[in-house]
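Chain identifiers are assigned alphabetically (A, B, ...) following the order of the sequence lines, protein sequences preceding nucleic acid strands; residue numbering begins at 1 within each chain.
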There are 2 protein chains.
Amino acid sequence: MISKKTKYGLKALIYLARQYEQGPILIADLARDENIPKKFLESILLALKNSGILQSRKGKGGGYYLGRSPRQITMGQAIRVMEGPLAPVQCVSETAYAKCTECGNENTCGIRLVMKDVRDAIAKIVDHTTLADVLERIAQAELTEKNVVDFCI
Amino acid sequence: MISKKTKYGLKALIYLARQYEQGPILIADLARDENIPKKFLESILLALKNSGILQSRKGKGGGYYLGRSPRQITMGQAIRVMEGPLAPVQCVSETAYAKCTECGNENTCGIRLVMKDVRDAIAKIVDHTTLADVLERIAQAELTEKNVVDFCI
DNA sequence: TTTTTAGTCTACAGATTTAATAGATTAATG
DNA sequence: CATTAATCTATTAAATCTGTAGACTAAAAA
């Protein structure tokens, strides 16, 4: 299960992607609109900024905005910032490899063999899904739902 | 990242699968051979027993053993017992669905749409990988490694 | 240049989860 | 009835998660 921190962060990114190139957005507005504790959100956005995904400006007219286009930001990049590596075990992580302390022979560890497949399957999805893709899927889902509602009426 | 508890549990299951139908195995032996804290292992095995994956016998000649054949125990079943649901967000869990508190409209939530795909990808792997499959892959990996060693000499 | 605005940094604190340990109890065998 | 080995209850230390408070810094406007 992903943490609230990650959920909040992804929500914020989707929110910012929706208003891409419309100038900086205030933390306070984002927190209010998405129902996220403001101080908590601050630290999340800061982490996203330090990783290069977001940029910010201080003072009047300031706020947060995407550091590059929604097409160039993947869910995988964002998730790694907030949740850490995708891999279920560190010995199969591509971005944060480390030997498992419990593990004897890495080449013949059954758990590792399976978890390598799991990691790759997760990465295949989140590293190929951009914020732009997410916006499109949301729009599609909203259309579908609208039709369902119309159908009901 | 999966917890130590889950790693220990999976190690124990693979260990027991290797000796399937050779009678009950002592917690103490398992703990020693796999380098798992004995008391911690006790509680893990008990949970696996309560879920039906393992069976046990008390007293002399007792111990733990697989409740069914290694072909009929999947990694997914075991992981769910120790780690909980596979789904990255509870609103896409097949075995433990619950509405996300942060979520407004579930049908049009972008995070949900992506995480549903992730859950399905994970489930596709772990629900179709049995303990028998893992044993086979280990055997295969050991063969490969042996050849590599031979080649070096 | 002072004031206002809004992000940044430091520190902390409560709640929950993780990873264990200790000891008493129960059930099965011989 | 003694021995064996799983089971149950309780506790604990450490880590992580979630959230809060307040001082600090940079930028813009008055």
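No engagement by B/Ile36 is indicated, since no non-hydrogen atom pair under 4.0 Å with the nucleic acid exists. The residue B/Lys39 sits close to a base: some heavy atom pair falls under 4.0 Å. Within 4.0 Å (heavy atoms only), A/Lys49 reaches sugar-phosphate atoms of the nucleic acid but no base atom. Looking at heavy-atom distances under 4.0 Å, B/Leu45 makes no contact with the nucleic acid at all.
Residue A/Leu26 contributes atom CG, which lies 17 Å from atom P of D/dA27 at whole-angstrom precision. Atom pair B/Asp29:CG and D/dT4:C1' shows a separation of 13 Å (rounding to whole Å applied). Note: CD1 (A/Ile27) to P (C/dA6) measures 10 Å, nearest angstrom. One can place CE of B/Met1 at 15 Å from P of C/dT18, the figure rounded to the nearest angstrom. Rounded to whole Å, atom P of D/dA6 lies 11 Å from atom CG of B/Leu16. Atom C1' of nucleotide D/dT18 and atom NZ of A/Lys4 are separated by 8 Å, given to the nearest angstrom. One interatomic measurement links the two molecules: CD1 of A/Ile44 to P of C/dC9, which rounds to 16 Å at whole-angstrom precision. Here D/dA27 presents its C1' atom at 12 Å from OH of A/Tyr65, a figure rounded to the nearest Å.
Note: the hydrophobic cluster containing B/Ile2 also contains B/Ile44 (ILVMFWY, side chain heavy atoms under 4.5 Å, direct or indirect links).
Between A/Lys60 and A/Lys38, the residue whose closest nucleotide on DNA chain D is further toward the 5' end is A/Lys38. Comparing A/Tyr8 and A/Glu42 along DNA chain D, the residue whose closest nucleotide (by nearest heavy atom) sits nearer the 5' end is A/Tyr8.
You'll find that the side chain of B/Lys58 is closest to C/dA27, out of C/dA27, D/dA26, C/dA20. Of all nucleotides listed (D/dT20, D/dA28, C/dA19), C/dA19 comes nearest to the side chain of B/Ser3.
Taking both residues in full, the closest heavy atoms of A/Tyr15 and A/Asp33 are given as OH-OD2, 2.6 Å, listed atom of the first, atom of the second, then distance. B/Met82 and B/Gly9 make their closest contact through SD-CA, 3.3 Å (heavy atoms, listed as atom of the first residue, atom of the second, distance).
With hydrogens and angles disregarded, a donor-acceptor distance shorter than 3.5 Å links the side chain of A/Glu83 to the backbone of A/Ser3.
Put simply, B/Ser56 has no side-chain N or O that comes within less than 4.0 Å of OP1 or OP2 on D/dA5.
Summarising the geometry, atom NZ belonging to A/Lys99 is positioned 9.5 Å from atom CD belonging to A/Glu102; distances are rounded to the nearest 0.5 Å.
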